[in-house]
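The chains referred to below are lettered A, B, ... by the order of the sequence lines, with proteins before strands, and numbering in each begins at 1.
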Amino acid sequence: MSSADATEQHRFDHAAIEPKWQRAWEEADVFRIDDDAVDPAYVLAMFPYASGELHMGHVRNYTITDAFARFERLRGEDVLHPMGWDSFGLPAENAAEDRDTNPREWTMGCIETMRDQLIRMGFGYDWEREVTTCDPEYYRWNQWLFNRFNEEGLVSRDAREVNWCPDCETVLADEQVEGEDERCWRCDTRVDSRELDQWMFTITDYADELRDALEEMDGWPNNVRQMQQNWIGRQDGASVEFDVAGYGPVEIFTTRLDTIYGATFFAIAPGHDLAQQLVDEHEAVAEYVARAESDEELPETSGVFTGMHATNPATGEEIPVYVADYVLEDVGTGALYAVPAHDDRDHAFATEHEIPIRQVVAPAESVTTGPGDDDAESGVDTTDESVVDDLDVQQQAYTEDGVLVNSGAYDGLTSEEAREHFVEEFDGEFRTEYRLRDWLISRQRYWGTPIPVVHCDTCGFVPVPDEELPVELPEFVHTTGNPLDAADEWKHTACPECGGDAVRETDTMDTFVDSSWYFLRFISPDAEDIPFDAEHASDWMPVDRYVGGIEHAVMHLLYARFFTKVFDDIGMIDGVREPFTNLVNQGMVLGEDGFKMSKSRGNGVSPVRIIDEYGADTARLFIMEAAQPQKEFAWSPEGVDSANQFLQRVYALVSEFAAGEIETGDGGPVDSYVEEEIDATVVTVSEEFEAFRFNHAIQAVRDLVSLLRQYADHTEPDEDVFERAVFAVTKLLAPVAPHVTEEMWDLLDGDGLVAEAAWPTATKSDEYELGKRLVENTREDIRDIVSVVGIESPSRIEIAVAPAWKHRVREIAAETDGNVIGAVMQHDDLKRHGQDAADYAQDLVGKEHFEAQLSPEDERDALDSAAWLIEREFDAEVAVYSADDAPDDLASKAVPGRPGINIEE
RNA sequence: GCGAGGGUGGCUGAGCCUGGCCAAAGGCGGCGGGCUUAAGACCCGCUCCCGUAGGGGUCCCUGGGUUCGAAUCCCAGCCCUCGCACCA
């Protein structure tokens with residue numbers, strides 16, 4: 001192959017151009033945003049954990065935000081698009097152990113590598129705002145915030161049954177334990193429980209608002225909102241006391257107070273205080289509690305009678321008290337009255353233990369009497385037998401709301417009314433319970449933010465004063481336990497209050513504290529006396545577009561919401577209650593085999609290898625056109641190839657044009673056709689970018705490029721039109737393939753950098769859509785005829801649009817409800833066409849829906865400007881006629897939207 | 001079990017919100033043609049069934065319904081994916 005080959009001259013070498021433009025952007029400070037920018041578009045990707053290598057998931061995540069940020073910038077917006085490092089955490093400690101280094105050095109090395117890889121991908125960040133959470137200049141603010149939270153009463157230290165991961169050797173928050181079998185979110189190890197004194201943020205103070213605000217957050221995916229709602233798990237109910245003879249009052253929580261008359265037994269959790277007391281005196285209870293507390297999996301209906309009885313405040317009845325494992329200690333009060341007729345679990349338990357089942361609620365539709373009617377029992381509507389016959393609470397619990405029966409004076413009340421009444425009647429109170437627990441932030445690890453507290457024997461726990469912050473981590477030492485415990489010199493300090501001997505808290509903070517406010521630090525990364533500038537943050541927040549993985553649906557996203565609300569409440573920010581307006585969870589990048597990329601499967605694809613082989617632009621383009629951001633897709637070498645070829649093709653087109661190798665002249669009607677297509681493409685791409693459907697946007701650009709190639713092949717394109725087209729293509733592609741488009745911009749002698757150019761604008765008319773449809777339909781009709789009739793090679797194709805009077809008839813028909821023919825014939829100008837007009841009107845009788853149509857002139861223009869496509873396709877002469885000029889009776893066969901066609905062989 | 005999201009042509013996947021050129025985009029695969037010495041790449045078509053002039057039939061998980069008209073709206077059922085779950 002000769003190196004002078006024409007196509008060779010119009011190819012680009014990604015390895016040469018990519019670093020060049022990366023430097024150019026940096027030198028021009030393209031991605032910097034001034035502090036005085038007003039309400040910029042805040043485009044953010046979840047910052048990466050500093051693991052050392054970028055993987056395809058990162059690349060996808062950051063390609064999405066980068067393309068969008070570039071798009072916004074081209075549209076003239078100020079854009080805040082920062083990047084930082086989630087860089088505290090256990091993996092760095094493990095790596096340090098394995099490699100004879102320390103977490104800091106290891107982490108800093110990882111950051112260097114990853115930053116370099118981000119740059120090589122062409123991602124444009126304002127690096128002046130880079131944030132690194134393991135830097136004392138960052139984590140000091142975690143400590144400062146801890147003090148503020150403490151002052152606000154949002155910090156607590158309690159002995160609690162906590163999740164302990166034996167592998168990570170630390171406690172975990174509830175959010176960080178996953179699945180039915182309770183595994184650590186990071187290492188998948190089964191989690192134990194331990195009783196420990198731990199520091200907590202009282203996120204439960206915000207449970208209500210965290211839950212309620214979700215309803216309004218329509219910029220978030222439903223599944224994430226649903227997950228948070230489940231997690232918070234609000235239950236509106238009531239608490240009531242039952243007196244247990246020989247023990248005293250026991251409080252229960254229920255959402256179904258209406259069923260209280262049906263309580264036939266009482267159940268408490270093995271961990272409940274009453275059960276614990278009985279352990280000493282009751283052998284069977286002791287044995288059962290021991291089994292429940294062991295790892296043993298007890299049957300769902302297991303339980304043991306305590307020999308004690310509770311008094312139902314509604315009926316005055318004595319009901320037996322059981323210890324049952326299905327009653328959970330940390331749900332409600334750990335005690336409940338059981339109504340087997342109306343609860344599935346109670347029903348199963350009652351059946352197993354031969355406890356009576358008493359119905360107290362009937363389906364509303366089966367009872368004819370209204371609320372307040374005492375005669376409810378006789379009011380069962382026997383005409384609707386199916387409902388009554390189906391309902392046998394001895395067989396199965398009826399768990400829906402309904403109307404009360406067998407409930408003394410309250411029969412006939414609806415469930416809802418009864419719940420209202422009974423609270424007062426039985427001396428209870430309305431109560432809301434949450435599944436959400438306070439956020440346990442203590443971690444028994446080295447590589448995290450030291451909790452800024454010292455313990456003094458005389459003063460107790462004393463916060464480290466702000467002016468002594470940061471409490472910096474001591475040197476890392478290799479030890480079996482927590483290195484902070486081993487750092488004697490660091491650990492022993494003076495009490496800030498009394499000056500006496502004191503010891504530092506050796507627990508560090510959960511790393512999710514770091515990520516709960518990093519998006520605010522980006523706004524004023526150099527702020528010295530405060531974590532972030534209040535005024536600035538109030539203007540720049542919330543984040544407009546946040547993109548990241550679904551794995552943080554509950555953890556990070558819930559904590560960040562909590563922090564934001566606290567900041568607003570303590571005046572650190574003004575009027576920002578939610579941090580992220582629009583959230584997108586990008587889908588997974590699967591391996592070529594359709595499975596999740598993993599080491600064990602060996603189906604991973606390294607971003608660095610793809611950059612080396614094809615270039616960053618190709619990787620970015622492939623990822624963006626493979627699927628919409630929230631959908632998963634499988635890696636495909638063909639797709640990568642196709643992306644690469646397309647970029648080469650576009651580049652070649654521009655390059656040939658720039659080199660004057662494309663003959664220009666007068667393309668006739670083709671010129672205006674192409675012009676319209678350019679406008680249409682600009683409109684589509686803008687809309688699709690905005691809607692985060694990048695694949696559709698790219699498809700539109702591909703179509704335009706393909707059209708331009710045909711344009712140049714078919715005729716001598718108008719120079720201005722062609723130039724406008726290549727400029728538009730360059731800009732439209734720039735957010736996704738930034739390097740090669742800079743190269744193209746350069747060839748075209750564009751001003752400055754395309755990264756800083758102005759996005760093209762255009763409008764698309766209704767006529768355009770109609771014209772496009774007309775052309776498409778006409779082409780299809782021609783293909784149809786040619787193939788059905790079996791015309792080998794057509795020599796001439798004649799097309800004639802319908803006469804104006806048919807358009808008039810159609811218009812009248814569309815407006816007329818009744819006698820279409822009569823209505824048409826009232827018009828003298830149409831009467832002239834006599835039978836023809838009547839016939840066509842007859843065709844339209846009964847037609848209910850009329851599509852919009854072009855005028856005869858517009859139809860003719862649309863077909864005329866597209867005639868060249870038909871000529872190319874059929875290699876035949878094409879003639880487009882108005883009705884008057886058409887030969888023979890060609891136009892008589894035409895109707896609006898459907899020209900007459902004649903094909904000659 | 002509760003909740004969320006789904007089920008579209010050989011595959012993948014848009015459309016569904018806002019019913020109407022929807023036999024249903026794009027891609028992949030397959031077929032035919034062009035270009036080429038040839039292959040690849042590229043370009044142009046075809047790819048549910050029938051049809052010698054643009055026609056007809058069947059079709060978007062299943063079954064009902066609303067409507068002049070349903071892939072699209074409503075009801076019931078079946079199946080899939082995800083989240084939560086012995087939650088009072």
Can you find a side chain N or O atom of [X] that sits less than 4.0 Å from OP1 or OP2 on [N]?
{"X": "A:Arg898", "N": "B:G55", "answer": "yes"}
{"X": "A:Gln699", "N": "B:G27", "answer": "no"}
{"X": "A:Arg779", "N": "B:G45", "answer": "yes"}
{"X": "A:Ser706", "N": "B:C42", "answer": "no"}
{"X": "A:Lys893", "N": "B:A53", "answer": "no"}
{"X": "A:Asn222", "N": "B:G5", "answer": "yes"}
{"X": "A:Gln645", "N": "B:A41", "answer": "no"}
{"X": "A:Arg225", "N": "B:G3", "answer": "no"}

Could you measure between the two [atom1] atoms, the one in [N] and the one in [M], and give it in whole Å?
{"N": "B:A23", "M": "B:G15", "atom1": "C1'", "answer": "14 Å"}
{"N": "B:G69", "M": "B:C21", "atom1": "P", "answer": "15 Å"}
{"N": "B:C68", "M": "B:G19", "atom1": "P", "answer": "15 Å"}
{"N": "B:A41", "M": "B:C28", "atom1": "P", "answer": "11 Å"}
{"N": "B:U67", "M": "B:G83", "atom1": "P", "answer": "42 Å"}
{"N": "B:C11", "M": "B:G63", "atom1": "C1'", "answer": "28 Å"}
{"N": "B:G10", "M": "B:G6", "atom1": "P", "answer": "23 Å"}
{"N": "B:C82", "M": "B:G29", "atom1": "C1'", "answer": "30 Å"}

For the aromatic rings, using the six-membered ring if either is Trp, is the centroid distance between [X] and [Y] under 6.0 Å?
{"X": "A:Tyr261", "Y": "A:Tyr337", "answer": "no"}
{"X": "A:Tyr322", "Y": "A:Phe266", "answer": "no"}
{"X": "A:Tyr614", "Y": "A:Phe622", "answer": "no"}

Touch class at under 4.0 angstrom, heavy-atom based, for [X] against every strand present:
{"X": "A:Ser636", "value": "nothing"}
{"X": "A:Gly237", "value": "nothing"}
{"X": "A:Pro899", "value": "base"}
{"X": "A:Glu625", "value": "nothing"}
{"X": "A:Arg783", "value": "sugar-phosphate"}
{"X": "A:Asp703", "value": "nothing"}
{"X": "A:Val339", "value": "nothing"}
{"X": "A:Arg649", "value": "sugar-phosphate"}
{"X": "A:Ile791", "value": "nothing"}
{"X": "A:Asn695", "value": "nothing"}

For [N], the Watson-Crick or wobble partner whose two distances fall under 3.5 Å:
{"N": "B:G9", "result": "none"}
{"N": "B:U37", "result": "none"}
{"N": "B:U81", "result": "B:A4"}
{"N": "B:U52", "result": "none"}
{"N": "B:G29", "result": "B:U47"}

Can you tell me if [X] and [Y] form a side-chain donor-acceptor pair at under 3.5 Å?
{"X": "A:Tyr768", "Y": "A:Glu677", "answer": "yes"}
{"X": "A:Asn695", "Y": "A:Gln699", "answer": "no"}
{"X": "A:Arg419", "Y": "A:Thr254", "answer": "no"}

Separation of atom [atom1] in [X] from atom [atom2] in [N], rounded to whole Å:
{"X": "A:Gln710", "N": "B:C42", "atom1": "CD", "atom2": "P", "result": "15 Å"}
{"X": "A:Glu687", "N": "B:A14", "atom1": "CD", "atom2": "P", "result": "19 Å"}
{"X": "A:Asp875", "N": "B:G32", "atom1": "CG", "atom2": "P", "result": "21 Å"}
{"X": "A:Arg872", "N": "B:G33", "atom1": "CZ", "atom2": "C1'", "result": "14 Å"}

Between [options], which one does the side chain of [X] approach most closely?
{"X": "A:Ile901", "options": "B:U52, B:C21, B:G54", "value": "B:G54"}
{"X": "A:Val789", "options": "B:G54, B:A53, B:G83", "value": "B:A53"}
{"X": "A:Glu873", "options": "B:G54, B:C86, B:C44", "value": "B:C44"}

Can you find a donor-acceptor pair, distance only, under 3.5 Å between [X] side chain and [N] base?
{"X": "A:Asn223", "N": "B:C82", "result": "no"}
{"X": "A:Asp325", "N": "B:C86", "result": "yes"}
{"X": "A:Asp784", "N": "B:G54", "result": "no"}

- Task: Compute both the distance and the angle, then confirm whether A:Arg810 meets the cation-pi test with A:Phe850: under 6.0 Å from the six-membered ring centre, within 45 degrees of the axis.
- Result: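 Checked: cation-pi criterion not met.
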- Task: Between A:Tyr337 and A:Gln226, name the one whose nearest nucleotide on RNA chain B is closer to the 5' end.
- Result: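 The residue whose closest nucleotide sits nearer the 5' end is A:Gln226.
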- Taking for each residue the nucleotide of RNA chain B with the nearest heavy atom, is it A:Tyr326 or A:Ile785 whose nucleotide lies nearer the 5' end?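 On the 5' side of the pair lies A:Ile785.
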- Item | Heavy-atom closest contact (A:Arg60 atom, A:Val589 atom, distance) |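 Here A:Arg60 and A:Val589 meet closest at CD-CG2, 3.7 Å.
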- Message: Under a 4.0 Å threshold between the charged nitrogen and the carboxylate oxygen, would A:Arg693 count as salt-bridged to A:Glu688?
- Response: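 Salt bridge between A:Glu688 and A:Arg693, a charged N being under 4.0 Å from a carboxylate O: yes.
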